[in-house]
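Below is one structure, written out as structure tokens; the observations come after it.
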Amino acid sequence: MKRALTLLTALLTSSALTSATLAAGPTTLREAAGDRLLIGAAISMPQIEDPKQAELLTSQFNSIVCGNDFKPLYLHPKPDVFNFETADKYVAFAEAHGLKLIGHNLLWHSQAPAHLFQDESGKPLPREQGLANLQKHITTIVTHFKGKVIGWDVVNEGLADSEPYLRSTPALKSIGEDYIQKAFEFAHAADPDVELYYNDYNIEKPYKFPKALKLLKALKDAKVPITGVGIQLHCQLTEPKTPAELEAAIPQFAALGLKVMFTELDVDVLPRKASGADVTAKEQGANPYTAGLPADVAEAQGKYYASIFQVAMNHPGVVTRVTTWGTDDSTSWLNDWPVRGRTNYGMLFARDLSPKPAFADVMKVLTAK
Ligand code: G3I
């Protein structure tokens, strides 16, 4: 009798627990997103080496991008030297935890080795040499990671901010405008199954959207193997227009047959002049929240984050991934850009790794019926 009672109590308790859990619903971003969206984070070594960081990462996110360690400067520092040791640690981590891995990036004007497109005096290499270097660079890297990454940011930030169309980069000066097309073709030849993206900042904004559309349309018209477009979304709390611009841009990218991804999302709460993510921008600026983030600012940031995720949810099957550019406030690049050494708060998780108000707001969007 006593045994039967104990059993009954245990059953009741466990079913109560189960219904409590069900009633509470998903508790993490990846659970809440389900199979509708990949939820990603840009990471560096601390996120995989520190157990608490790793726990946060693997419980909340289902995909990762390396913030730095897959960039050409690190993977291909010298003409005949490729270095995959560090990058392979992320591959092993992703495999061990069932995370999708996205490669960032094959070609960018920053953190890029000069040898690809310039001679020793800094002059652009002749086109044929530049093309041969690009082919070797991309083929070697894409082949190494074949079957290990699901997609590549093939060209990063190739559009100009102030000039009419393409950014004046060493690749452009050596090869010419079709360097972008060639980069995608070389990547596809090395791994026909991997997804290939064009990734840039501010391409949802009126000054840059037409340039992005022109480029992407030209690539599609030329039957270049491009899968998707990454809209970075380095947002500022003081610039509330982004959701409307995003809403308008997405269907036009989708009409070209492209997937759309929000690839580098963060919401800066500090004053800055630089818009987007021009890495060369350097400023002096105020550092008002060294003692903590005021509740009203945290709340406004939550609303901003929620509005971005809402846009993603408004385009099911088109927006396929949202990646935040970091995990917690302490490791975010925003602490050093465009003003060095500030205390910034751009992420969904606080310095102690606890969820911020923005996390709850995003969860509300992801779990809304
Ligand atoms: O590794 C060195 C270290 O040895 C040295 O002691 C330290 C001193 O400053 O610098 C370290 O390198 C830094 C590197 O990040 C790794 O932490 C560089 O100074 C710093 O400039 C670099 O910043 C990265 C930035 O790209 C560079 O362009 C950020 O972490 C990274 O988050 C950022 O990511 C870019 C995306 O790739 C493209 N879109 C914009 C985005 C934000 O800028």
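All figures in this text were calculated on a predicted structure; none of them were measured in a lab. All residue numbers in this chain count up from 1 along the given sequence. Both counts, for ligands and for their atoms, begin at 1 and track the order of listing. Every heavy atom of this structure was used, including side-chain atoms; hydrogens, water molecules and symmetry mates were not.
Less than 4.0 angstrom separates some heavy atom of Gln232 from each of these atoms of ligand 1: 39 (N), 40 (C). Ligand 1 places these atoms under 4.0 Å from at least one heavy atom of Ser110: 28 (O). Atoms of ligand 1 found under 4.0 Å from any heavy atom of Ala277, numbered from 1 in the order shown, are 40 (C). Near Val279, the atoms of ligand 1 lying under 4.0 angstrom from a non-hydrogen atom of the residue are 28 (O), 43 (O). Near Glu264, meaning under 4.0 Å from any of its heavy atoms, are these atoms of ligand 1: 36 (C), 38 (C), 39 (N), 40 (C), 41 (C).
Under the 4.0 angstrom criterion for non-hydrogen atoms, Arg340 is in contact with ligand 1.
For atom 12 (O) of ligand 1, no protein non-hydrogen atom is found at a distance below 4.0 Å. For atom 9 (O) of ligand 1, the nearest protein heavy atom lies closer than 4.0 Å. Inside a 4.0 Å radius of atom 27 (C) of ligand 1 there is at least one protein heavy atom. Checking atom 18 (C) of ligand 1 against the protein gives no heavy-atom contact under 4.0 Å. Protein heavy atoms are absent from the 4.0 Å sphere centred on atom 21 (O) of ligand 1. Protein non-hydrogen atoms do reach within 4.0 Å of atom 38 (C) of ligand 1. Closer than 4.0 Å to atom 41 (C) of ligand 1 lies at least one heavy atom of the protein.
Residue Lys71 places at least one N or O, backbone or side chain, under 3.5 Å from an N or O of ligand 1. Any N or O atom pair closer than 3.5 Å counts here, and Glu157 shares at least one such pair with ligand 1.
Thr263 is linked by a side chain to side chain contact (heavy atoms under 4.5 Å, CB included) to Asn199, Gln232, Met261, Arg321, counting only residues two or more places apart in sequence or in another chain.
In this structure, a donor-acceptor pair under 3.5 Å is present between the side chains of Ser275 and Asn202.
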Side chain to side chain contact (heavy atoms under 4.5 Å, CB included) for Asp153 and Leu106? Distances and angles first, verdict last.
CA-CA 6 Å; Asp153 289 337; Leu106 293 172; over 6 Å; no
Salt bridge (Lys or Arg N to Asp or Glu O under 4.0 Å) assessment of Asp88 paired with Lys148:
CA-CA 10 Å; Asp88 284 345; Lys148 297 172 180 167; 5.3 Å; no
Just do the ring pair (Phe, Tyr, Trp, His ring centres under 6.0 Å) check on Trp152 and His188 with the steps written out, would you?
CA-CA 10 Å; Trp152 278 102; His188 184 69; over 10 Å; no
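A cation-pi contact, defined as under 6.0 Å to the ring centre and within 45° of the axis, links Lys214 to Tyr165. For the pair Arg342 and Tyr289, the cation-pi test (distance below 6.0 Å, angle within 45°) is failed. A cation-pi arrangement, defined by a distance under 6.0 Å to the six-membered ring centre and an angle within 45 degrees of its axis, is present between Lys208 and Tyr201.
When ring centroids are compared, Tyr74 and Phe84 stay outside the 6.0 Å threshold.
Looking at Met45, His234, Gln111, it is Gln111 that brings a heavy atom closest to atom 25 (C) of ligand 1. Relative to atom 29 (C) of ligand 1, the option among Asp69, Asn68, Asp336 with the closest non-hydrogen atom is Asn68. Comparing Trp325, Trp337, Trp333, Trp108 by heavy-atom distance to atom 34 (O) of ligand 1, the nearest is Trp325.
Only side-chain heavy atoms of Asn156 come within less than 4.0 Å of ligand 1; its backbone N, CA, C and O stay farther off.
Regarding atom 36 (C) of ligand 1, its nearest protein heavy-atom neighbour is His104 NE2, 3.4 Å. Among protein heavy atoms, the minimum distance from atom 1 (O) of ligand 1 is reached at Tyr74 OH, 4.9 Å.
Ile43 and Ile150 are assigned to two separate hydrophobic clusters, defined by single-linkage of ILVMFWY side chains at heavy-atom distances under 4.5 Å.
More than 12 non-hydrogen atoms from other residues, nucleotides or ligands lie less than 6.0 angstrom from CD of Glu163. The environment of Lys100 atom NZ is sparse: at most 12 non-hydrogen atoms of other residues, nucleotides or ligands sit within 6.0 angstrom.
No side-chain heavy atom of Leu166 sits under 4.5 Å from any side-chain heavy atom of Lys211.
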